[in-house]
Amino acid sequence: MTRFFIAAGKRPGLVISVLVIALVIVWALAPSLFTHQDPLVGNVTDRLQAPSARHIFGTDNLGRDLWARVVYGSAQSLAATFLAVVLALVVGSVLGLLAGFLRGWVDDVIMRVMDVVLAIPTVLLSLAIITALGFGTVNVAIAVGFASAASFARVMRSEVITISTALYVEAARASGVRWYTVLRRHVLPNSLGPVLSLSALEFGTAVLAISSLSFLGFGAPPPAPEWGALISEGRNYLATSWWLTTFPGLIIVAVVLAANRVSRAFEKNGAAR
């Protein structure tokens, strides 16, 4: 325990980042522990009230408690983010694994497609996919996930090429082990480290992308309290009710910065090893 506190004292930024991520996850899992207000029902007589002891984030134009909407909105925003990151991780890792291990024309075809995907801005490509799939939180997550898969594919391919030339992999091949067994037993486990580190970075990027698409109206329909939708709803009252956009925006910024800080910690630990 003493060592833990000493390590925490040396890296306070990382500790704060982990606490931020943990807090929003707890919001998503048990929002009722943090507020007794209904995020969907408000009192018109309380509309557009500034932050106070009763409403710490203020209220919106329908009298709904903004703190409750931010807390309850974390469930949809984080669920979409996790789905997007997992989808990007699985799809990108499989493509990168095949490209780096099989090489030849398989590598050429997969990586040229990934280059095209990387050349298109993530939000623009996500918009194109959403147009085909339709609106909704799940479709937004799928769109962001597919648009982000190319980054995972490139990292996985690079790691697989490095691992494939290792002596123990060559020895396994020379001893007659089938290629898919070598892939599953040796190449994949030793290539996952940098890819998992990238997933922490992509978590923050996915939060930002999903919030942006929600802000544009492609997420869950009102009155669902997604973080991006909250900012979109409050922009019409920005001149008089600054809290409607400021507090949800600060939450998004905090989560993105925290995810980036955790990702850098993973990268440093991986480099040290």
Side-chain angles (χ1 to χ4, degrees), residues 1-31 33-34 70-93 96 118 122-123 126 137 140-141 144-159 188-214 226-228 230-231 247-273:
M1 184 63 70
T2 303
R3 292 181 180 178
F4 172 79
F5 285 111
I6 293 175
K10 293 180 179 179
R11 309 177 76 177
L14 178 59
V15 174
I16 294 174
S17 298
V18 172
L19 290 177
V20 169
I21 298 296
L23 177 62
V24 295
I25 291 176
V26 176
W27 281 358
L29 296 177
L33 296 178
F34 298 89
V70 169
V71 171
Y72 277 89
S74 61
Q76 287 189 337
S77 297
L78 291 187
T81 300
F82 277 117
L83 177 59
V85 173
V86 169
L87 184 61
L89 175 64
V90 173
V91 174
S93 296
L118 286 172
T122 302
V123 175
S126 299
T137 303
V140 166
V144 173
F146 276 113
S148 304
S151 299
F152 287 92
R154 289 177 66 90
V155 173
M156 175 60 84
R157 174 184 178 271
S158 176
E159 290 299 313
L188 179 59
N190 292 288
S191 302
L192 280 178
V195 179
L196 294 178
S197 298
L198 178 62
S199 65
L201 179 62
E202 287 295 327
F203 180 86
T205 304
V207 169
L208 197 57
I210 289 172
S211 298
S212 300
L213 294 171
S214 178
E226 286 184 334
W227 288 344
L230 294 180
I231 299 176
F247 288 123
L250 289 176
I251 296 298
I252 294 173
V253 170
V255 172
V256 172
L257 292 179
N260 290 346
R261 180 65 182 86
V262 172
S263 174
R264 289 200 302 272
F266 283 148
E267 290 177 353
K268 290 180 180 179
N269 290 338
R273 293 177 182 177

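Within a 6.0 Å radius of CZ in Phe247, other residues, nucleotides and ligands contribute more than 12 heavy atoms.
Looking at heavy atoms from C-beta onward, Leu89 lies in side-chain contact with Leu196 at the 4.5 angstrom threshold. Taking the side chain as every heavy atom from C-beta outward, Thr122 and Ser148 approach each other to under 4.5 Å.
Put simply, CD1 on Ile21 and CD1 on Ile16 are 13.0 Å apart, with the number rounded to the nearest 0.5 Å. Atoms OG and CD1, from Ser211 and Ile251 in turn, are 11.0 Å apart once rounded to the nearest 0.5 Å. The CG atom of Leu213 sits 10.0 Å away from the CG atom of Leu208 when rounded to the nearest 0.5 Å. Between Leu83 atom CG and Ile210 atom CD1 the span is 8.0 Å, to the nearest 0.5 Å.
Taking each heavy atom of Gly73 and Trp227 in turn, the nearest pair found is C-NE1, 3.9 Å. Shortest non-hydrogen contact noted between Ala254 and Val20 is O-CG1, 3.9 Å. Nearest approach of Thr81 to Ser77, heavy atoms of both residues: OG1-O, 2.8 Å. Heavy-atom minimum distance, Gln76 versus Thr137: O-CG2, 4.0 Å. Taking every heavy atom of both residues into account, Gly145 and Leu87 meet most closely at CA-CD2, 4.3 Å. Scanning all heavy atoms of the two residues, the minimum distance from Val256 to Gly204 falls at CG2-O, 3.4 Å.
Applying the side chain to side chain donor-acceptor pair (under 3.5 Å) rule to Ser214 yields the partners Glu226; only residues at least two apart in sequence or on another chain are considered. Annotation: side chain to side chain contact (heavy atoms under 4.5 Å, CB included) contacts of Leu23 (sequence neighbours excluded): Trp27, Phe34.
Remark: the backbone N or O of Ala259 is not paired with any side-chain donor or acceptor of Ser263 at under 3.5 angstrom. Side-chain atoms of Ser158 do not come within 3.5 Å of backbone N or O of Arg154 as any donor-acceptor pair.
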| query | Do Ser151 and Leu118 pass the side-chain contact (heavy atoms from CB on, under 4.5 Å) test, and can you show the C-alpha distance, the side-chain angles, and the key distance before you say yes or no? | reply | CA-CA 7 Å; Ser151 299; Leu118 286 172; 3.8 Å; yes
Discussion item. Is there a side-chain contact (heavy atoms from CB on, under 4.5 Å) between Phe203 and Val255? Walk through the geometry before answering.
Written reply: CA-CA 9 Å; Phe203 180 86; Val255 172; 4.0 Å; yes
